[in-house]
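Structure record follows, encoded as structure tokens.
Just follow the structure's listing: the first ligand is 1, and inside any ligand the first atom is 1. Every heavy atom of this structure was used, including side-chain atoms; hydrogens, water molecules and symmetry mates were not. Source: prediction; values computed, not measured.
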Amino acid sequence: MSTSFDPTSLHTELFIDGAWQQATSSAAFPVENPATNEIIAHVADGGPADAALAIEAAGRAQTEWSKSTPRERADILRRAFELVIANTDRLAAIMTAEMGKPLAEARGEVAYGADMLRWFSEEAVRIGGDCATSVDGNTRIMITKEPIGPCVLVTPWNFPLAMGARKIAPAVAAGCTMVFKPAALTPLTSLALVEIFREAGLPDGVLNVVTTSKASSVVDPWMSKGIARKVSFTGSTEVGKTLLRQAADNVMRSSMELGGNAPFIVLADANIEKAVEGALKAKMRNMGEACTAANRFFVHRSVVEEFSEKFAKTISELQVGNGVLAGTDVGPLIDRKGLEKVESLVADAVSKGARVLTGGSRPEGPGYFYSPTVLVDVALDSELMSTEIFGPVAAITPFDSEDEVLRLANDTEWGLVGYLFTESLDKGMQFSAELEVGMVGLNTGLVSNPAAPFGGVKQSGLGREGGKVGIEEFLEYKYTALAV
Ligand code: NAD
């Protein structure tokens with residue numbers, strides 16, 4: 001198993017109309033390894049002129065691509081799936097270098113992203129339609145589904161492969177062309193994925209990628225040119241709102257996978273071992289840099305001490321370090337800004353009475369590392385209760401009644417996911433119905449699955465990725481009236 005990649009094999013250019021090319025301005029921006037602060041590569045810094053070339057290519061390619069058969073699209077996705085699996089070590093090594101997650105987690109992400117490609121290769125050939133008779137019996141109503149048209153895809157840095165795969169796969173399956181802007185902090189994994197699609201036989205112009213250090217200089221023209229018919233965004237709620245305003249101006253379909261503020265609830269009757277295991281996954285996966293990360297732990301007062309101590313012990317045993325080293329459980333945060341945000345959220349919680357059971361500091365040396373941390377007695381007015389922590393910090397608050405915890409859990413503008421640990425199926429079902437979220441982890445700390453509709457309610461977003469409904473986000477209905 002290889003744990004590194006050949007830096008000279010990296011793609012660092014824009015990919016437009018089937019060709020790798022430099023930015024029109026010839027500018028490039030650096031990509032940093034967050035574990036070592038070394039520069040891994042310089043990547044083409046696209047701007048408005050490149051954006052125009054990319055969206056025009058997507059517009060031109062749409063007509064032919066709409067006529068491709070479902071089987072052709074399924075076969076391309078299937079080949080891409082196989083190539084991603086065959087390149088697991090290389091993709092994981094690139095991801096660890098630019099994003100920091102431990103190699104084992106990076107391999108897990110490659111498997112998840114690949115599964116998205118496989119899932120949508122299977123969905124591409126199942127795009128159905130419908131048929132009905134008009135109420136007066138005089139017309140046959142034929143309903144078909146068509147690709148919505150060129151799509152704008154924008155992704156974040158925290159899951160560089162999976163977030164791209166989760167958008168590209170349903171768009172390919174539906175027959176849409178795309179312009180894609182990956183996050184500036186982690187463009188290399190996305191560019192490697194794009195090369196895989198080229199090798200898998202995706203026609204020129206169907207997938208166009210522009211990397212840039214100035215997101216709006218590329219995405220604004222895509223949103224305003226009148227060619228794109230849809231935007232699919234994963235990232236912060238703030239940027240999502242900006243894109244929604246731009247989408248309104250052009251009446252574009254929108255899918256938004258935005259921020260979260262997940263409650264992790266441990267009821268009095270929970271199996272504490274299971275809850276600790278679930279908490280470890282829900283909090284520490286991806287160094288806590290996940291929209292699905294447990295952000296607020298509410299634990300029944302009768303078990304809060306037992307849960308907190310066991311969780312703190314488990315967390316204190318995690319190995320922090322460079323993700324390429326064997327035995328590393330927790331890598332660095334993505335950048336200085338992310339690290340400083342976590343430090344300031346912990347300082348604020350402590351100033352309001354929280355106690356640090358473990359962690360609470362950053363280790364010496366290079367890289368943006370922060371020690372896995374458990375805080376107890378966290379006051380409800382602490383900033384981290386209403387802000388995505390995006391770091392390896394668990395904030396625990398006790399509760400006394402189930403009504404109270406439901407109210408606390410729902411007291412947020414976000415509604416992506418909620419976790420509940422209980423041995424009572426009745427209570428599980430009741431909480432599942434009453435939590436204002438798009439997804440519930442019942443006795444599990446992991447919800448992502450290609451077969452499941454991923455997404456949130458409230459300010460966590462619009463639309464779903466994955467599952468049976470995932471492809472619908474990229475399809476439009478057409479109804480033909482047939483006189484009989
Ligand atoms: P971000 O919103 O800062 O950036 C996301 C993407 O948007 C990046 O590619 C960025 O370059 C681009 N962008 C930034 N400003 C833009 C603008 N004005 N116009 C167009 N594009 C712009 O988010 P981030 O820091 O990269 O990612 C973390 C956020 O993503 C968190 O809030 C997290 O919860 C969220 N997220 C959500 C999901 C989900 O599925 N719900 C999954 C992963 C991450």
Side-chain angles (χ1 to χ4, degrees), residues 29 31 34 43 45-48 51 98-99 101 109 112-113 116 152-167 179-187 189-190 209-224 228 231-247 252 254-262 285-295 333-335 337-338 341 386-391 412-417 437-439 447-449 452-467 470 473:
F29 64 92
V31 180
V43 170
D45 199 354
E98 67 176 351
M99 192 276 164
K101 67 184 73 189
E109 185 180 336
Y112 173 63
M116 279 285 168
V152 174
L153 314 180
V154 181
T155 56
W157 49 265
N158 56 348
F159 293 100
L161 188 120
M163 297 300 103
R166 232 163 61 173
K167 296 187 187 309
V179 284
F180 172 29
K181 193 207 83 61
L185 292 163
T186 57
T189 312
S190 307
V209 186
V210 179
T211 47
T212 180
S213 64
K214 298 168 289 305
S216 58
S217 74
V218 167
V219 181
D220 287 359
W222 287 349
M223 296 296 287
S224 62
V231 55
S232 177
F233 172 73
T234 299
S236 62
T237 298
E238 192 193 340
V239 174
K241 286 179 185 176
T242 302
L243 290 174
L244 279 171
R245 285 185 205 104
Q246 295 175 339
M252 285 163 69
S254 309
S255 302
M256 296 281 143
E257 297 286 352
L258 308 177
N261 185 8
R285 192 167 75 102
N286 222 41
M287 291 76 75
E289 295 172 314
C291 53
T292 50
N295 210 56
L333 296 181
I334 186 70
D335 60 7
K337 212 168 104 209
K341 177 181 169 191
S386 54
T387 309
E388 281 186 296
I389 302 172
F390 251 56
T412 168
E413 74 214 50
W414 282 306
L416 188 61
V417 56
V437 292
M439 302 176 286
V447 290
S448 300
N449 190 309
F454 188 103
V457 299
K458 294 159 86 175
Q459 294 202 22
S460 285
L462 302 169
R464 295 292 181 268
E465 290 187 331
E473 302 273 335

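Two residues are said to be in side-chain contact when any heavy atoms from C-beta on lie closer than 4.5 Å; S448 and R285 meet this criterion. Counting heavy atoms from C-beta on, the side chains of L258 and K241 never come closer than 4.5 Å. Counting heavy atoms from C-beta on, the side chains of M439 and L416 come closer than 4.5 Å.
Scanning the protein for heavy atoms near atom 13 (N) of ligand 1, the closest one is A215 CB, 3.5 Å. Shortest contact from atom 6 (C) of ligand 1 to any protein heavy atom: T155 O, 3.5 Å. Among all protein heavy atoms, the one lying closest to atom 11 (O) of ligand 1 is K181 NZ, 2.9 Å. Considering only non-hydrogen protein atoms, atom 25 (O) of ligand 1 sits nearest to W157 NE1, 2.9 Å. In terms of protein heavy-atom proximity, atom 36 (N) of ligand 1 is nearest to C291 CB, 3.5 Å. Annotation: atom 1 (P) of ligand 1 to nearest protein heavy atom, S236 OG, 3.6 Å. Atom 15 (N) of ligand 1 has its closest protein heavy atom at V239 CG2, 3.6 Å. Of the protein's non-hydrogen atoms, F390 CZ, 3.4 Å is the one closest to atom 33 (C) of ligand 1.
Those atoms of ligand 1 that come under 4.0 Å of a heavy atom in R166, given as number and element, are 40 (O). Residue N158 has at least one heavy-atom neighbour below 4.0 Å for each of these atoms of ligand 1: 43 (C), 44 (C). Listed by number with element, the atoms of ligand 1 under 4.0 angstrom from any heavy atom of G259 are 32 (O), 34 (O). Every atom of ligand 1 is numbered from 1 in the order shown, and the set under 4.0 Å from a heavy atom of V219 is 20 (C), 21 (N). Counting atoms of ligand 1 from 1 in the listed order, those under 4.0 Å from a heavy atom of T234 are 5 (C), 36 (N), 37 (C), 38 (C), 39 (C), 40 (O), 42 (C), 43 (C), 44 (C). Remark: ligand 1 atoms within the under-4.0 Å shell around heavy atoms of F233 are 2 (O), 5 (C), 6 (C), 7 (O). Listed by number with element, the atoms of ligand 1 under 4.0 angstrom from any heavy atom of V154 are 6 (C), 7 (O), 9 (O), 12 (C). The distance from ligand 1 to the heavy atoms of A183 drops below 4.0 Å at these ligand atoms: 9 (O).
Within a 4.0 Å radius of atom 4 (O) of ligand 1, the protein contributes no heavy atom.
By the criterion of a heavy-atom distance under 4.0 Å, neither the backbone nor the side chain of E465 is placed next to ligand 1.
Qualifying salt bridge (charged side-chain N to carboxylate O under 4.0 Å, His left out) partners for E109, counting only residues two or more places apart in sequence or in other chains: K101.
Using a distance-only test at 3.5 Å, with no hydrogens or angles considered, no donor-acceptor pair links the side chain of T211 to the main chain of D45. A donor-acceptor pair is defined here as one N or O able to donate and one able to accept, closer than 3.5 Å; no such pair exists between the side chain of D335 and the backbone of P34. One N or O on the side chain of N158 and one on the backbone of E289 form a donor-acceptor pair closer than 3.5 Å. Between the side chain of W222 and the main chain of A51, a donor-acceptor pair closer than 3.5 Å is present.
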Determine, step by step, whether T292 and F454 satisfy the side-chain contact (heavy atoms from CB on, under 4.5 Å) criterion, reporting the C-alpha distance in whole Å, the side-chain angles of both residues, the deciding distance to 0.1 Å, and the verdict.
-> CA-CA 10 Å; T292 50; F454 188 103; 3.5 Å; yes
Verify side-chain contact (heavy atoms from CB on, under 4.5 Å) between M163 and E257, making sure each step is shown before the conclusion.
-> CA-CA 10 Å; M163 297 300 103; E257 297 286 352; over 6 Å; no
Could you walk me through whether S255 and E473 pass side-chain hydrogen bond (donor to acceptor under 3.5 Å, both in side chains), step by step?
-> CA-CA 7 Å; S255 302; E473 302 273 335; 2.7 Å; yes
CA sep, side-chain torsions, deciding dist, call: N295, E388, side-chain hydrogen bond (donor to acceptor under 3.5 Å, both in side chains) | CA-CA 7 Å; N295 210 56; E388 281 186 296; over 6 Å; no
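Ligand 1 has no N or O atom lying under 3.5 Å from any N or O atom of S460, backbone or side chain. Looking at ligand 1, you'll find an N or O of E388 within less than 3.5 Å of one of its N or O atoms. Of the polar atoms of L258, at least one N or O is found under 3.5 Å from an N or O of ligand 1, judged by distance alone.
Between T155 and the choices K167, K181, R166, the side chain to side chain contact (heavy atoms under 4.5 Å, CB included) rule is met once, by K167.
Aromatic ring centroids of F390 and W157 lie under 6.0 Å apart.
One option in G235, P156, S190 has a heavy atom closer to atom 29 (C) of ligand 1 than any other, and that option is G235.
Residue-ligand proximity: M223 is placed with every non-hydrogen atom at 4.0 Å or more from ligand 1.
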